[in-house]
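What you see is a predicted model, and the numbers here were worked out from it, not measured in a lab. Note: hydrogens, waters and symmetry copies are ignored here, and every other heavy atom, side chains too, is used.
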Amino acid sequence: MPAIQSDPDIRQDVFSLDEKLTIQQVRFVGARLRDLLVRYQEASRDERIRPIDWPEWSAFIDAAYSCGFVCSDASDHMGDRAQTSVSEFMLGLESDLSRVETLSLRDLRKILHYVMRSERWGDGGADTGGGTVWWLVTSRLGAAIANRLGA
């Protein structure tokens, strides 16, 4: 019997930004981000040395991929006329967190897509991963995004 991942009813491609998500998917990702934030806040200094081993770390990453926050057609830009890079946009949000409350789901998906892809390509076996998820968790932006996602 072939492995379940080979089953023809298993989706092989990541989502498109144009595909709608359910509110359950959105809240699930928000809850996994909230779990990771709580783990960070409660972790001792020694535990923070290797967060990639935390179950909350991989649960958040898995949720982002499986719930449509990593998309085949997302880019490194926010899609505005100025072609603002996602990283630049995130820094602006961090300096004015009130703007997070006005973000569309599409914008939130672009941000988390960027975080996940940067994490994947920048990991290199580091104890804190690629640094992008770690930055999100240690910045004030992570909590603001979790709140916006309904967690």
Not counting sequence neighbours, which residues clear salt bridge (Lys or Arg N to Asp or Glu O under 4.0 Å) with D7? List them please.
-> none
Separation of E119 CD from L112 CG (nearest 0.5 Å) | 12.0 Å
Heavy-atom side-chain contact between F89 and L93 under 4.5 Å = yes
Using the side-chain contact (heavy atoms from CB on, under 4.5 Å) rule, take R109 and L21 through it: C-alpha gap first, then chi angles, then the decisive distance, then the call.
-> CA-CA 10 Å; R109 289 173 79 187; L21 304 180; 3.5 Å; yes
Smallest separation among heavy atoms of M78 and K110, with atom names = O-NZ, 2.7 Å
Among all residues two or more places apart in sequence or in another chain, which pass the side chain to side chain contact (heavy atoms under 4.5 Å, CB included) test with D73?
-> S16, L17, D18, C71
In chain order, what residues pass the side chain to side chain contact (heavy atoms under 4.5 Å, CB included) check against R45, with sequence neighbours excluded?
-> none
To the nearest 0.5 Å, how far apart are CZ in R48 and CG in D46?
-> 11.0 Å
Listed once per pair and sorted, the salt bridge (charged side-chain N to carboxylate O under 4.0 Å, His left out) pairs that draw on residues 142-151, sequence neighbours left out | none
Ignoring hydrogens and angles, write down the donor-acceptor pairs under 3.5 Å from the side chains of residues 58-69, residues two or more places apart or on other chains.
unit_1: S58; atom_1: OG; unit_2: P55; atom_2: O; d: 3.3
unit_1: S66; atom_1: OG; unit_2: D62; atom_2: O; d: 2.8

Are any non-hydrogen side-chain atoms of M90 and V115 less than 4.5 angstrom apart?
-> yes
R27: what forms a salt bridge (Lys or Arg N to Asp or Glu O under 4.0 Å) with it, not counting sequence neighbours?
-> none
So if you build clusters from Ile, Leu, Val, Met, Phe, Trp, Tyr with side-chain heavy-atom gaps below 4.5 Å, do W135 and V38 land together?
-> no
Residues forming a side chain to side chain contact (heavy atoms under 4.5 Å, CB included) with T102, sequence neighbours excluded | none
Pairs satisfying side chain to side chain donor-acceptor pair (under 3.5 Å), at least one member in residues 83-101, at least two apart | D80-T84, S85-S87, D96-S98
Please answer whether the main-chain N or O of R39 pairs with a side-chain N or O of E56 as donor and acceptor at a distance below 3.5 Å.
-> no
d(I111 CD1, I145 CD1) to nearest 0.5 Å is 5.0 Å
So which pairs with a foot in residues 21-54 pass ring-ring contact (aromatic ring centres under 6.0 Å, His included), sequence neighbours left out?
-> Y40-W134
side-chain hydrogen bond (donor to acceptor under 3.5 Å, both in side chains) with D9: which residues, sequence neighbours excluded?
-> none
In chain order, what residues pass the salt bridge (Lys or Arg N to Asp or Glu O under 4.0 Å) check against D13, with sequence neighbours excluded?
-> none
Please examine the side chains of V86 and H113, heavy atoms only from C-beta on, and report whether any two atoms are closer than 4.5 Å.
-> no
Under a 4.0 Å N-O cut-off, is there an ion pair linking R11 with E19?
-> yes
Compile the donor-acceptor pairs under 3.5 Å between side chains in residues 29-36 and protein atoms, sequence neighbours left out, one pair per line.
unit_1: R32; atom_1: NE; unit_2: D35; atom_2: OD2; d: 3.0
unit_1: R32; atom_1: NH2; unit_2: D35; atom_2: OD2; d: 2.8
unit_1: R34; atom_1: NH2; unit_2: N147; atom_2: OD1; d: 2.3

